[in-house]
There are 2 protein chains.
Amino acid sequence: MAKSENIPVPAVRRLSLYLRQLEAFNEDNRTTVSSRELGEALALSDAQVRKDLACFGQFGHPGIGYRVPELIQQVRRILGTDRISHVLLVGAGNLGRALIAFRGFAKRGFELVAVFDKDAAKIGEMTGGPNAIRIQPLSEMPATVRKHAIRVGILAVPAAAAQQAAEEMVVAGIRGILNFAPVTLQVGAEVEGASVDLAIHLEQLSFQVSGSPA
Amino acid sequence: MAKSENIPVPAVRRLSLYLRQLEAFNEDNRTTVSSRELGEALALSDAQVRKDLACFGQFGHPGIGYRVPELIQQVRRILGTDRISHVLLVGAGNLGRALIAFRGFAKRGFELVAVFDKDAAKIGEMTGGPNAIRIQPLSEMPATVRKHAIRVGILAVPAAAAQQAAEEMVVAGIRGILNFAPVTLQVGAEVEGASVDLAIHLEQLSFQVSGSPA
DNA sequence: CTATGTGAACAGCTTCACAGCG
DNA sequence: CGCTGTGAAGCTGTTCACATAG
């Protein structure tokens, strides 16, 4: 039975990995999978897989394992990606444009419906590449957020502009920010933040590669 | 004194955050910082900051705090970024090109010195934008890795090509892979891996935004 | 016999609280 | 005094081992 409280944060992170792997199994027409198989594909123990899933309900079938399509549906429901979520982007620079062209979002239940930039020269311009979309001024953000019921936004502006842009996103009604700028955003507790800093990931690898013995 | 063993993985992750914040303080010409101030800027407790740093040595000065330039130097040394590290990129698609144009690497001690792609049509082409660089065939990777003493590589190819590309990187001598493809790479224990999956980060935000009360 | 779900044991990380130094 | 460094305590997450179900 679902332990509605006491859900470890790491378990939620792994839930996304389970979903990704389950979808891979599903495309290979696997119908069931055991906790051991799922764990092996993700370098986790079987017990870990079972404990994580047990946080949210009883999805397994003793002697059988987990039915792949069923579990996919359940995990999507838990993560809130069983319906399409509208997402916006602030910052149409190099990274922002790469994100617009990225086709991986739709597959996972996200649709990029609006792009904003501070630079007046970019406003109104259509971005190139696939999924082209019109760039709007920041002033239109509150209305667009309301219109499309957007809750999550991606922030891809230079470090110096990030804090202010984040504040404008919060004012516009954004509840979760995926931040690509190399700064720690100071936002209220009512807003969730997640950061991706490319240089930091390289640093971590650098440490691991230097530190481990040959 | 440095506890040369028993270094918590989370402490190493935070080390990169400390460095980033210290550099921000340094640009504001702050000369010293206390564990409390450093922690506040990163939403961590003062004790956490002290414990983390104490894993690697005694850098603080009682009554004063930490001297900013001194600590920056120490942390860089620990992370292995006190010298420039050469990095390669596999995959010159949308994301790859955005990474090539990204100026944030150099500031943190990384230099992108080579780009590889499987697509014969792209070979030899110079990428556009800043930091333009020639695209090489995968067959040249082993020689280039040796020539530039490259240890870390960025993998930015489609999911279906990622595993094979990763294996070629390992054969070429790469020791750490930063993977942007939405798959779990199966690599030997002698190779370090780190993954960035944009859809997964959005999923996590989606969960947090849905799950928390209004 | 296979594979889940789960209490109990274990390990690891964080917080606390304070001695000690400048 | 202010602030670090650190043992001890507390807490959270993981692994183990087994009862249970198909």
Side-chain angles (χ1 to χ4, degrees), chain A residues 1-18 21-22 25 30-72 74-75 78 204 207-208, chain B residues 1-18 21-22 25 30-72 74-75 78 204 207-208:
Chain A
M1 128 109 83
K3 325 173 178 178
S4 47
E5 292 308 317
N6 272 26
I7 296 172
V9 174
V12 179
R13 277 208 289 268
R14 287 188 295 264
L15 212 50
S16 286
L17 293 176
Y18 298 147
Q21 190 62 50
L22 285 165
F25 282 138
R30 291 278 312 257
T31 56
T32 66
V33 67
S34 68
S35 56
R36 189 171 45 77
E37 293 167 319
L38 192 48
E40 253 169 32
L42 298 169
L44 300 168
S45 73
D46 56 334
Q48 182 80 83
V49 174
R50 292 197 300 276
K51 259 266 151 73
D52 285 346
L53 295 175
C55 289
F56 304 100
Q58 298 200 154
F59 307 128
H61 304 274
I64 304 287
Y66 299 86
R67 299 200 215 282
V68 174
E70 178 188 316
L71 189 52
I72 286 177
Q74 292 289 350
V75 176
I78 295 161
Q204 295 293 304
F207 176 84
Q208 292 178 309
Chain B
M1 124 115 77
K3 324 175 179 176
S4 46
E5 293 307 318
N6 270 28
I7 298 172
V9 175
V12 180
R13 277 208 290 269
R14 287 187 295 263
L15 213 50
S16 286
L17 293 176
Y18 298 147
Q21 190 62 50
L22 285 165
F25 282 138
R30 291 277 312 254
T31 56
T32 66
V33 67
S34 70
S35 57
R36 190 170 43 76
E37 293 167 320
L38 192 48
E40 253 169 32
L42 298 168
L44 300 168
S45 73
D46 55 335
Q48 182 80 84
V49 174
R50 291 197 300 276
K51 260 264 150 75
D52 286 345
L53 294 175
C55 289
F56 304 99
Q58 301 201 152
F59 307 128
H61 304 274
I64 304 287
Y66 300 86
R67 298 200 214 282
V68 174
E70 178 188 317
L71 189 52
I72 286 176
Q74 292 288 349
V75 176
I78 295 162
Q204 295 292 305
F207 176 84
Q208 293 177 308

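Just so it is clear: chains get the letters A, B, ... in the order the sequence lines come, proteins before strands, and each one is counted from 1. What you see below is based on every heavy atom in this structure, not just the backbone, and it leaves out hydrogens, waters and symmetry mates. None of these values were measured; they are calculated from a predicted model.
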Original post:
Below 4.0 angstrom from OP1 or OP2 of C/dG5, is there any side-chain N or O of A/Y66?
Top reply: yes
Subject >> Protein-nucleotide distance (B/L53, atom CG; D/dT4, atom C1'), rounded to Å >> reply: 11 Å
Subject >> For A/L38 against A/V49, the heavy-atom pair lying closest together >> reply: CD2-CG1, 4.0 Å
Original post:
Of A/I64 and B/D46, whose nearest nucleotide on DNA chain D comes first from the 5' end?
Top reply: B/D46
Side-chain polar contacts of residues 9-16 of chain B - donor-acceptor pairs under 3.5 angstrom, sequence neighbours left out - could you list them?
from: B/R14; atom 1: NE; to: B/D52; atom 2: OD2; distance (Å): 2.5
from: B/R14; atom 1: NH2; to: B/D52; atom 2: OD1; distance (Å): 3.0
from: B/R14; atom 1: NH2; to: B/D52; atom 2: OD2; distance (Å): 3.3
from: B/S16; atom 1: OG; to: A/E203; atom 2: OE1; distance (Å): 2.6
from: B/S16; atom 1: OG; to: A/Q204; atom 2: NE2; distance (Å): 2.9

Subject >> By side-chain hydrogen bond (donor to acceptor under 3.5 Å, both in side chains) - contacts of A/Q74 (at least two apart) >> reply: A/R77
Subject >> Sub-4.0 Å heavy-atom contacts from residues 33-42 of chain B onto DNA chain D, ordered by number >> reply: B/S34, B/S35
Original post:
Does the side chain of B/Y66 reach to within under 4.5 Å of the side chain of B/L53, using non-hydrogen atoms?
Top reply: yes
Original post:
Who passes side-chain contact (heavy atoms from CB on, under 4.5 Å) against A/T31, sequence neighbours left out?
Top reply: none
Original post:
Taking five pairs at each end of the helix from C/dC1-D/dG22 to C/dG22-D/dC1, what angle separates the two helix axes (nearest 10°)?
Top reply: 10°
Original post:
In whole angstrom, what separates B/R13's CZ from C/dG12's C1'?
Top reply: 13 Å
Original post:
Can a side chain N or O of A/Q58 be found less than 4.0 Å away from OP1 or OP2 on D/dA21?
Top reply: no
Original post:
Whole-Å distance between D/dT4 C1' and B/E70 CD?
Top reply: 13 Å
**OP:** Would you check if B/F59 and B/V75 make a side-chain contact, meaning some heavy-atom pair closer than 4.5 Å?
**Re:** no
Original post:
Roughly, in whole Å, what's the span from NE2 in A/H61 to P in C/dG5?
Top reply: 9 Å
Using the 3.5 Å cut-off, write out each protein N or O paired with an N or O of nucleotides 12-16 of chain D and the distance between them.
from: D/dT14; atom 1: OP1; to: A/R14; atom 2: NH1; distance (Å): 2.8
from: D/dT14; atom 1: OP1; to: A/R14; atom 2: NH2; distance (Å): 3.4
from: D/dT14; atom 1: OP2; to: A/R14; atom 2: NH2; distance (Å): 2.9
from: D/dT14; atom 1: OP2; to: A/Q48; atom 2: NE2; distance (Å): 3.4
from: D/dT14; atom 1: O5'; to: A/Q48; atom 2: OE1; distance (Å): 3.4
from: D/dT15; atom 1: OP2; to: A/S45; atom 2: OG; distance (Å): 3.3
from: D/dT15; atom 1: OP2; to: A/Q48; atom 2: OE1; distance (Å): 3.4
from: D/dT15; atom 1: O4; to: A/K51; atom 2: NZ; distance (Å): 3.0

**OP:** Report which part of the nucleic acid A/G63 touches: base, sugar-phosphate, or nothing (heavy-atom distance under 4.0 Å, all strands).
**Re:** base
Original post:
In whole angstrom, what separates B/R67's CZ from D/dC3's P?
Top reply: 14 Å
Subject >> B/I64 side, atom CD1; B/T32 side, atom OG1 - distance, nearest 0.5 Å >> reply: 7.0 Å
**OP:** Please list, chain by chain and in numerical order, all residues satisfying side-chain contact (heavy atoms from CB on, under 4.5 Å) with B/P69, sequence neighbours excluded.
**Re:** B/N26
**OP:** Please collect all salt bridge (Lys or Arg N to Asp or Glu O under 4.0 Å) contacts where either partner lies in residues 40-49 of chain B, sequence neighbours excluded, each pair once.
**Re:** B/R36-B/E40, B/D46-B/R50
Original post:
For A/F56 and C/dT6, what is the distance between atoms CZ and P respectively, to the nearest whole Å?
Top reply: 14 Å
Original post:
Going by heavy atoms in the side chains, are A/L44 and A/Y18 under 4.5 Å from each other?
Top reply: yes
Subject >> A/I72 vs A/F25 side-chain heavy atoms within contact, under 4.5 Å >> reply: no
